[in-house]
Undergrad: 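Here you go, one structure.
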Amino acid sequence: MARIIAGVASSHVPAIGAAIDNKRTEEPYWKRVFSGFEKSKEWMAKAKPDVAIVVYNDHASAFSVEMIPTFALGCAAEFPPADEGWGPRPVPVLKGHPALAAHIAQSVILDEFDLTIVNKMEVDHGLTVPMNLLFGQPKDAWPCPVIPLAVNVVMYPPPTGHRCYMLGKAIRKAVESYPEDLNVVIFGTGGLSHQISGPRAGLINSKWDKSFLDNLTRDPKKLTRIPHIEYMREAGAEGIEMVMWLIMRGALDDKVDEVYRFYTVPASNTAVGHIILENRRKAAGKSRPAGRSKTTSKSKAAGKSRQAAARKATHRIASKGTR
Ligand code: DHB
Ligand code: FE
């Protein structure tokens, strides 16, 4: 049986990709951002997922105003990086997992979520930037196949947070009915608060962002009741990207362990948020989620203090740049 071992969420600011591509990651402005993902890369190297499902949004690269599917599942064998105006990013072509993707499409569509099936698609910064942040910058190939799930958050009306959360649950059911023994990590991407244009361009609301992160771990159902207008008002027009994090969260257990969090402001004009949530349920068979070799009470206590230390570090880093 396949299983979802953890959820990872991360902003996907395109300037982060440009900093990598132009070798500027060591500059102080960018080091502040990248240093928050060092632990995450270590976590990912230990988790070694067999497949990553990456929930992201296309920014008029694969789709355009002429055609915007609400939920589009990438079922192709590969996904090249898109040309977003200055040539495709120098990242490896992503390999897909057509068999699992087709299985998810079947299960989710028969569960009455009307996904669009995509058999050819290029992927933009919405997907490639979080891949870099969690897997680094591989020369030849990404360490695991990827199933992209593109969500419309660029043209009204996007799906509700509740619909996204329920889709996450349907994806989990689909994964768990796949017979092969696979460990799957699901990504939610985008956000946090940001507004790119108009009189409120540059809007960042750290208080709202942090409360979103708190509730993502503790009370995601509360987040499912946030209407679009609140995302727009509190987190800026592009803050609506955060509904995608609820697909990731819906695919996890009700109670999860927050193993890492990072928040910094700004990158470009955007608040950068990142969280790693592990399912508590022990993975049957194959390797367990990273960071939990045995669930003795001693190691549980150590895990708790690790989380507390990670949170403290997060706040230290965040407080430097928080508005
Ligand atoms: C920017 C674009 C994005 O898609 C995003 O999620 C954050 C920031 C930008 O253009 O700066
Ligand atoms: Fe975006």
Side-chain angles (χ1 to χ4, degrees), residues 8-22 24-25 27 29-30 32-34 36-37 54-65 68-72 74 79 81-89 91 121-134 148-156 158-159 161 164 187-206 208-209 212-213 216 228 231-232 234-248 262-275 321 323:
V8 172
S10 163
S11 306
H12 61 216
V13 187
I16 294 177
I20 297 170
D21 301 345
N22 296 309
R24 296 175 64 175
T25 55
E27 293 175 11
Y29 181 93
W30 288 113
R32 170 179 51 87
V33 174
F34 288 103
F37 290 86
V54 182
V55 181
Y56 79 110
N57 70 287
D58 177 76
H59 302 74
S61 304
F63 309 116
S64 72
V65 288
I68 307 184
T70 301
F71 298 115
F79 304 94
D83 181 350
E84 298 181 58
W86 40 87
R89 290 198 57 217
V91 295
M121 182 166 69
E122 294 178 350
V123 290
D124 70 13
H125 70 268
L127 188 143
T128 60
V129 167
M131 287 292 289
N132 282 138
L133 289 172
L134 273 296
L149 174 63
V151 179
N152 169 36
V153 288
V154 298
M155 179 175 262
Y156 190 82
C164 288
F187 282 57
T189 72
L192 289 174
S193 56
H194 63 300
Q195 170 132 356
I196 291 172
S197 59
R200 296 204 309 160
L203 177 146
I204 286 176
N205 185 345
S206 297
W208 199 85
D209 287 340
F212 187 91
L213 289 168
L216 195 71
H228 288 142
Y231 284 98
M232 306 275 285
E234 300 295 333
E238 279 74 32
I240 191 67
E241 289 181 346
M242 287 151 78
V243 294
M244 296 187 288
W245 292 34
L246 294 177
I247 297 180
M248 174 278 275
F262 175 64
Y263 183 83
T264 189
V265 168
S268 186
N269 263 335
T270 309
V272 170
H274 165 49
I275 202 163
R323 281 186 202 166

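Just so you know, these numbers come straight off a predicted model, no measurement behind them. Hydrogens, waters and symmetry mates play no part in the numbers below; they use all other heavy atoms, side chains included. Remember, it's 1-based here, ligands and their atoms both numbered in the order they're listed. Index from 1, following the sequence.
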Undergrad: Closer than 3.5 angstrom, by distance alone: can the side chain of R32 be matched with the main-chain N or O of P266 as a donor-acceptor pair?
TA: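 Pair found, side chain donor or acceptor close to backbone of P266.
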Undergrad: Counting each atom of ligand 1 from 1 as listed, which ones have a heavy atom of H125 under 4.0 Å away?
TA: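 Under 4.0 Å from H125, ligand 1 has these atoms: 3 (C), 4 (O).
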Undergrad: So, does H194 use its side chain to make a donor-acceptor pair with the main chain of L203 at under 3.5 Å?
TA: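 Checking the backbone N and O of L203 against the side chain of H194, no donor-acceptor pair under 3.5 Å is found.
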Undergrad: By number and element, which atoms of ligand 1 are closer than 4.0 Å to a non-hydrogen atom of S268?
TA: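 The atoms of ligand 1 under 4.0 Å from a heavy atom of S268 are 11 (O).
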Undergrad: So for ligand 1, is T270 a polar contact partner (N or O within less than 3.5 Å, distance only)?
TA: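 No.
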Undergrad: Write out the residue and atom name of the closest protein heavy atom to atom 4 (O) of ligand 1, then the distance separating them to 0.1 Å.
TA: H59 NE2, 2.7 Å
Undergrad: Of all the atoms in ligand 1, which lie at a distance below 4.0 Å from a heavy atom belonging to E241?
TA: 4 (O), 6 (O)
Undergrad: Could you tell me whether the side chain of S11 and the main chain of G273 form a donor-acceptor pair under 3.5 Å?
TA: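 Checked: pair present.
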Undergrad: Can you tell me if, anywhere in H125, an N/O/S atom lies at a distance from the Fe ion (ligand 2) that is smaller than 2.8 Å?
TA: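 No, since none of the N, O or S atoms of H125 sits under 2.8 Å from the Fe ion (ligand 2).
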Undergrad: Using a 3.5 Å distance criterion without hydrogens, assess whether the side chain of H228 forms a donor-acceptor pair with backbone atoms of P159.
TA: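 Yes, the answer is positive, given that a donor and an acceptor are paired below the 3.5 Å cut-off.
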Undergrad: For N132 and L134, indicate whether the former's side chain and the latter's backbone hold a donor-acceptor pair under 3.5 Å.
TA: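 No, N132 side chain to L134 backbone: no donor-acceptor pair under 3.5 Å.
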Undergrad: With a cut-off of 2.8 Å, does H194 place any N/O/S atom under that distance from the Fe ion (ligand 2)?
TA: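 H194 does not place any N, O or S atom closer than 2.8 Å to the Fe ion (ligand 2).
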Undergrad: Compute the ring centroids of F262 and F37, then answer whether they are less than 6.0 Å apart.
TA: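 Ring centroids of F262 and F37 are less than 6.0 Å from each other.
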Undergrad: Heavy-atom contact under 4.0 Å between E238 and ligand 1?
TA: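 No, that is not the case, since the closest heavy atom of the residue is not under 4.0 Å from the ligand.
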Undergrad: To the nearest 0.1 Å, how far is atom 2 (C) of ligand 1 from its closest protein heavy atom, and which atom is that?
TA: P14 CD, 3.2 Å
Undergrad: Quick one: does D124's side chain have a donor or acceptor within less than 3.5 Å of a partner on H59's backbone?
TA: yes
Undergrad: Check whether any N or O atom of H12, backbone or side chain, sits under 3.5 Å from an N or O atom of ligand 1, and answer yes or no.
TA: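 Indeed, backbone or side chain, H12 has an N or O that close.
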Undergrad: Test of understanding: given a 4.0 Å heavy-atom threshold, classify the contact between S11 and ligand 1 as side chain, backbone, both, or neither.
TA: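 Near ligand 1, S11 shows nothing, with every heavy atom at 4.0 Å or more.
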Undergrad: Could you check whether any side-chain N or O of E238 sits under 3.5 Å from a backbone N or O of I196, counting only pairs where one atom can act as donor and the other as acceptor?
TA: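 Side chain of E238 to backbone of I196: a pair is present.
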Undergrad: Applying a 4.0 Å heavy-atom criterion (strictly less than), which segment of N269 is in contact with ligand 1: side chain, backbone, both, or neither?
TA: neither
Undergrad: In Å, rounded to the nearest 0.5 Å, how long is the span from CE of M232 to OH of Y156?
TA: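 If I round to the nearest 0.5 Å, the distance is 9.0 Å.
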Undergrad: Please confirm if an N, O or S atom belonging to E241, backbone or side chain, lies less than 2.8 Å from the Fe ion (ligand 2).
TA: yes
Undergrad: Can you tell me which residue and heavy atom of the protein come closest to atom 5 (C) of ligand 1, and the distance to 0.1 Å?
TA: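 Protein heavy atom with the smallest distance to atom 5 (C) of ligand 1: H194 NE2, 3.2 Å.
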